[in-house]
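Structure first, then comments.
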Amino acid sequence: MSATRLFYIIVSGILVNNFLMSRFLGICPFLGVSKKVETAFSMGIAVTFVMGMASVVTYIVQYALLEPLGLEYLQTIAFILVIATLVQFVEMVIQKTSPTLYRALGIYLPLITTNCAVLGVTLLNMQYTYNLIESLVNGIAGALGFTLAIVLFAAIREQMEFAPIPESMKGFPIALVSAGLMSLAFLGFQGLVK
Amino acid sequence: MITIKDILVPITVLGGLGLLFGAILAFASAHFAVEKDPRVDQIRAALPGANCGACGYPGCDGLAAAIVAGKAPVNACTVGGLVSAEKIGEIMGVEPEMGEKKVARVLCQGDYGTAIQKYRYVGIKSCSAADALGGGSKACNYGCLGFGDCVKVCPFNAIDLVNGIAVVDENKCTGCTLCVSACPKGIIQMVPQSKRVVILCASLDKGKEVRTYCKVGCIACNICVRKCPQNAIVLENNLAHIIYDKCNNCSECVDKCPTNAIKDYNLAKIRDEDVLVNK
């Protein structure tokens, strides 16, 4: 464990193994909340918070509860429980503290519960046997990568509003095509971190 | 060997986790409780709950929130009509101003027997797809294409296809107007339900032309305009229009129309029953 290793995890999480662009996890909010840069950014922040928290809590659940009792096979269901609770908690906090953000995120906030990127990051943490710090860093870096991709994508979609797009390609078709092109661009980072 | 411990421990662990998280959430919901306007729930209960989206808001919850916020009028729900508008008006302390109920009418009678097809359409069974192919297979450019885009979009199953023409069951129609926007020909019109006489044609072609492709189209002969005792019919762009504010359902025009393009819904019911008796 060293600063270099953490740096690798960060670069890997944000660019190389970007959750949206190379792992293809969490596509639902990626398409759903990417119409405006501001809401996309807020969604990214919400996901960052949930992913960071989930990484820490699942680490504790895994190594303080499941492993000593030999219940590793309960990992998935226990982690889902953790994430669902966290999302509910975040939803309550946001509703109380920022009704504007709450309304902007709308249905996609509860949808983080089923966002596979969150479950993905927690399971990957265990798979790579990261320690607590590394898990937290990996969670936050992964979520920042998510935020980066969704904000870039939202900016592209905002520009596309004014582009002369054929009628049949308007809306989701052109969004999916541009998402694919973006993913190809992110392919350029492959091999940057071993 | 599986012992009782192997079953009890996982159950206790998962159950315990669930209980713990539940307790945290219960505490949080009390601590972070947001004062919600109780009127939102009351209004939500007064709405029909069909979530059809005809009001332009995402579902009935969205409309309820918009009404409380003052962004939508109390009668914004066409489906709930006067009943829900009155209830919501009571909750909001406003008198609802409600026009009378309107029902959708498909302005075409040119079924397979009376209207001529200009080609045989074998593509996707959808009006908008057919419309994209030279305006559909009907020789008339203003006719019902009969693939039922309106039938598919109607949340209340109020529209049926009868011999290639969409027919609205006015008892089931709630006036949500979803079909009006679904029709690629734009020939579905909202007509006040009390107005029983409707000109069921939308063709703007000249009378001579209409005669070549449809037996029941408006040929702009001007007879109904002259015969109407209320002067409620006007001719515009080769098509007769009823001014519903003036019409008093006398149905004088119905029999005078040489092509039977005007339908009297007063009689529609009786005729249907006759058919049943004859069978």
Side-chain angles (χ1 to χ4, degrees), chain A residues 32-33 35 39 49-50 53-54 56-111 113 122 166-168 170, chain B residues 1-37 40-41 44 51 53 56-72 123-124 126 128-133 181 184:
Chain A
V33 208
K35 278 206 181 122
T39 41
F49 184 68
V50 173
M53 291 272 284
V56 175
V57 179
T58 52
Y59 183 89
I60 296 167
V61 169
Q62 169 82 5
Y63 290 107
L65 202 63
L66 298 183
E67 265 205 3
L69 293 167
L71 297 173
E72 287 92 344
Y73 62 90
L74 286 180
Q75 203 182 43
T76 311
I77 191 165
F79 286 9
I80 290 174
L81 206 60
V82 170
I83 294 163
T85 313
L86 271 176
V87 172
Q88 286 294 311
F89 188 74
V90 171
E91 194 182 343
M92 284 173 197
V93 174
I94 291 184
Q95 196 176 9
K96 178 81 178 176
T97 52
S98 168
T100 333
L101 182 59
Y102 181 75
R103 241 172 293 139
L105 292 177
I107 183 71
Y108 296 100
L109 190 59
L111 273 181
T113 322
T122 56
E167 189 64 40
S168 54
K170 269 185 188 154
Chain B
M1 213 194 74
I2 295 177
T3 59
I4 192 79
K5 209 183 126 205
D6 292 328
I7 299 168
L8 278 183
V9 170
I11 292 175
T12 326
V13 168
L14 266 191
L17 272 179
L19 269 179
L20 175 71
F21 290 148
I24 293 174
L25 281 186
F27 171 76
S29 74
H31 194 74
F32 292 106
V34 175
E35 297 248 333
K36 207 173 152 194
D37 199 325
V40 175
D41 286 332
R44 176 65 190 77
N51 288 320
Y57 290 92
C60 297
D61 287 323
L63 179 61
I67 291 176
V68 171
K71 282 182 206 151
I124 308 164
S126 140
S128 48
D131 185 41
L133 205 64
S181 34

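Chain naming here is simple, since letters A, B, ... match the order of the sequence lines and numbering starts at 1 in each. Values below: every heavy atom of this structure, side chains too, minus hydrogens, waters and symmetry copies.
The nearest pair of heavy atoms linking A:Pro68 to A:Ala64 is CG-O, 3.6 Å. Shown here for A:Lys96 and B:Phe32, the closest heavy-atom pair between the two residues is CD-O, 3.6 Å.
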(message) A:Gln62 vs A:Thr122, test: side-chain contact (heavy atoms from CB on, under 4.5 Å). Steps then yes/no.
(response) CA-CA 10 Å; A:Gln62 169 82 5; A:Thr122 56; over 6 Å; no

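Heavy atoms of A:Val61 lying under 4.5 Å from chain B belong exclusively to its side chain. Only the side chain of A:Leu71 has a heavy atom closer than 4.5 Å to any heavy atom of chain B. When heavy atoms are compared at a cutoff of 4.5 Å, A:Leu66 approaches chain B solely by way of its side chain, counted from C-beta outward.
Side-chain atoms of B:Tyr57 and B:Lys71, non-hydrogen and from C-beta on, do get closer than 4.5 Å to each other.
Each of B:Pro10, B:Gly18, B:Ala65, B:Ser29 has some count of heavy-atom pairs under 4.5 Å with chain A, and the biggest count is that of B:Pro10.
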